[in-house]
Amino acid sequence: MDAADIAARSRGIAPSLHEYLPPTPLLPFRGFGADLGIDVLAKCEHLQLTGSFKARGALAKILTLTDAERAAGVVTASSGNHGLGVANALNLLGGRAIVYLPENAAASKVAALRRLGAELRAEGADTGAQELKARAYAEEHGLTYVSPYNDADVIAGQGTIAVELLRQLDGEPLDAVVVAVGGGGLISGIAAVLEQQRPEIKVYGASPAADAAMAESVRAGQIIQVDAAPTLSDGTAGSVEPGAITFDLCRELVDEWILVDEAEIRSALKTVIDTEHHLIEGAAAMAFAAARRVTGGRVAVVSCGANISSATLAEVLA
């Protein structure tokens, strides 16, 4: 599966997704960019139906399943947002969601999953380990497993963000896009579309220094396990699944990697709230923090989600 195939799938699936998920706005974040000397645009996936871009990839995959496959049960693993995307897609189309979560998943995301009727299973703290358990359970019971990132349909669904972005730009110049990276599905889809249609736009991959599995794997030339520490960017936390198709896509398509520390993430979150009055989660703040390292020009930040708990927000703002 190469970039051209992913880009074609993204363009093809975009009209079907828009029947269920309205396009998210592309907004100038002038206050955030004022002190940086750059023109910042926010692709506001934090205003997406489930509060995260993950609704796109999950729906793109669920749309490929039969009614019988959805009714039997769809299994996934998630730190929260992908699980919400799968549960939301099954609510829209009919079916049952079984979601494997790390034990430290954000309480707000767990509550939202329960409201959507998902069956939850929490064993251990690492999202990567949950992926292996979820996949094994699905295989054992003959159910469909939907990866958070290691699936061409999921990646193509995330790529519809770039399809929308280019339509909203309407030919206007853009120098760079900054994207939060966990397993790499989001940046693979976006970068694939940009590579085919606007290759002059530089793609930055942003990761927390505390948990940068994909960035470190690309640096090592192979998928590796990293010693991870807790991060406010919980939406990008976890290891990369062995054999993930996103690894080669990230290695080929991401122009530069930016690792940010926890203080930078907290600062960016506060600044977005104070200057733009938008509520975002840690993974989105992490991308905005990385944008502060981009020098000059016009930069789009994919503001990937808004699912932050009140307890976490209070701690950050204290």
Side-chain angles (χ1 to χ4, degrees), residues 1-18 23-24 26 38-43 45 53-54 56-57 60-61 147-207 212-219 221-223 236 240 243-259 287 290-291 293-304:
M1 181 60 60
D2 62 17
D5 292 327
I6 293 292
R9 287 196 190 201
S10 294
R11 292 191 296 269
I13 194 65
S16 297
L17 292 197
H18 287 161
T24 56
L26 180 68
I38 59 176
D39 183 9
V40 175
L41 300 174
K43 181 58 174 154
E45 289 298 295
F53 77 95
K54 291 284 191 177
R56 294 175 184 264
K61 182 63 177 182
S147 171
Y149 56 87
N150 191 17
D151 183 286
D153 292 311
V154 171
I155 295 169
Q158 320 305 20
T160 62
I161 294 172
V163 175
E164 281 180 19
L165 172 67
L166 295 180
R167 187 181 304 122
Q168 290 164 327
L169 285 171
D170 194 26
E172 293 183 7
L174 186 69
D175 297 294
V177 174
V178 182
V179 186
V181 181
L186 175 61
I187 200 167
S188 292
I190 289 173
V193 172
L194 294 179
E195 172 71 16
Q196 296 301 306
Q197 296 187 243
R198 293 283 299 273
E200 78 278 7
I201 298 174
K202 191 169 183 178
V203 178
Y204 290 88
S207 293
M214 181 59 82
E216 295 299 337
S217 293
V218 169
R219 180 179 299 173
Q222 62 183 340
I223 296 174
T236 63
V240 179
I245 60 176
T246 50
F247 172 70
D248 285 337
L249 290 166
C250 284
R251 185 164 57 173
E252 173 191 353
L253 299 173
V254 178
D255 294 302
E256 190 171 328
W257 295 89
I258 301 175
L259 304 188
R293 306 264 196 91
V294 178
T295 304
R298 195 170 193 230
V299 179
V301 178
V302 178
S303 183
C304 56

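From a predicted model like this one, the values you see are computed outputs, not experimental measurements.
- The two residues Gly205 and Ile187 come nearest to each other via the heavy atoms CA-CD1, 3.5 Å.
- For the atom pair CG of Leu166 and CD of Glu172, the computed distance is 12.0 Å after rounding to the nearest 0.5 Å.
- In plain terms, the two heavy atoms of Gly221 and Arg251 that are nearest each other are O-NH1, 3.4 Å.
- No side-chain donor-acceptor contact under 3.5 Å links Ser303 to the backbone of Ala42.
- The OG atom of Ser188 sits 9.5 Å away from atom CD of Glu252, with the distance rounded to the nearest 0.5 Å.
- Within the model, atoms CG of Leu253 and CG of Asp248 stand 10.0 Å from one another, a figure rounded to the nearest 0.5 Å.
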Task: Verdict with reasoning, Leu169 to Leu41, per side chain to side chain contact (heavy atoms under 4.5 Å, CB included) - done: CA-CA 10 Å; Leu169 285 171; Leu41 300 174; 4.1 Å; yes

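- Interatomic distance, Ile190 CD1 to Thr160 OG1, rounded to the nearest 0.5 Å: 8.5 Å.
- Minimum heavy-atom separation, Ala287 to Ala206: CA-CB, 4.2 Å.
- Between Ile223 and Ser217, the shortest heavy-atom contact is CA-OG, 3.5 Å.
- Residues Ile155 and Ile245 are in side-chain contact: their nearest non-hydrogen atoms beyond the backbone lie under 4.5 Å apart.
- With a 4.5 Å cut-off on side-chain heavy atoms, Val294 and Tyr204 count as touching.
- Side chains of Leu194 and Pro199 form no contact here, defined as non-hydrogen atoms less than 4.5 Å apart.
- With a 4.5 Å cut-off on side-chain heavy atoms, Met214 and Ser207 do not count as touching.
- Under a 3.5 Å cut-off, the side chain of Asp175 and the backbone N or O of Val299 do not form any donor-acceptor pair.
- Using a 4.5 Å heavy-atom cutoff, the side chains of Val178 and Ile258 are not in contact.
- With hydrogens and angles ignored, the 3.5 Å screen pairs a side-chain donor or acceptor of Arg298 with a backbone N or O of Pro173.
- Of the possible donor and acceptor atoms, one in the side chain of Arg293 sits under 3.5 Å from a partner among the backbone N and O of Leu259.
- Taking every heavy atom of both residues into account, Ile161 and Phe53 meet most closely at CD1-CB, 3.8 Å.
- A donor-acceptor pair is defined here as one N or O able to donate and one able to accept, closer than 3.5 Å; such a pair exists between the side chain of Glu164 and the backbone of Thr24.
- Between Val177 and Leu165 there is a side-chain heavy-atom pair separated by less than 4.5 Å.
- Of all the heavy atoms in Arg9 and Ala152, the pair that sits closest is NH1-CB, 3.5 Å.
- Side-chain N or O atoms of Gln158 include one that pairs as donor or acceptor with a backbone N or O of Gly57 at under 3.5 Å.
- Residues Val218 and Phe247 form a side-chain contact, since some pair of their non-hydrogen atoms from C-beta on lies under 4.5 Å apart.
- The closest side-chain heavy-atom distance from Trp257 to Val181 is below 4.5 Å.
- Taking CG of Leu26 as the start and CZ of Arg167 as the end, the distance is 12.5 Å to the nearest 0.5 Å.
- No side-chain donor-acceptor contact under 3.5 Å links Asp255 to the backbone of Lys202.
- A salt bridge links Arg56 to Glu45: at least one charged side-chain nitrogen sits closer than 4.0 Å to a carboxylate oxygen.
- If you take OG1 on Thr295 and CD1 on Ile38, they are separated by 8.5 Å, rounding to the nearest 0.5 Å.
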Open item on the list: side chain to side chain contact (heavy atoms under 4.5 Å, CB included) for Val154 and Ser147? Distances and angles first, verdict last.
Closed with: CA-CA 8 Å; Val154 171; Ser147 171; 5.7 Å; no

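- Looking only at distances, a side-chain donor or acceptor of Ser10 sits under 3.5 Å from a matching main-chain atom of Ala156.
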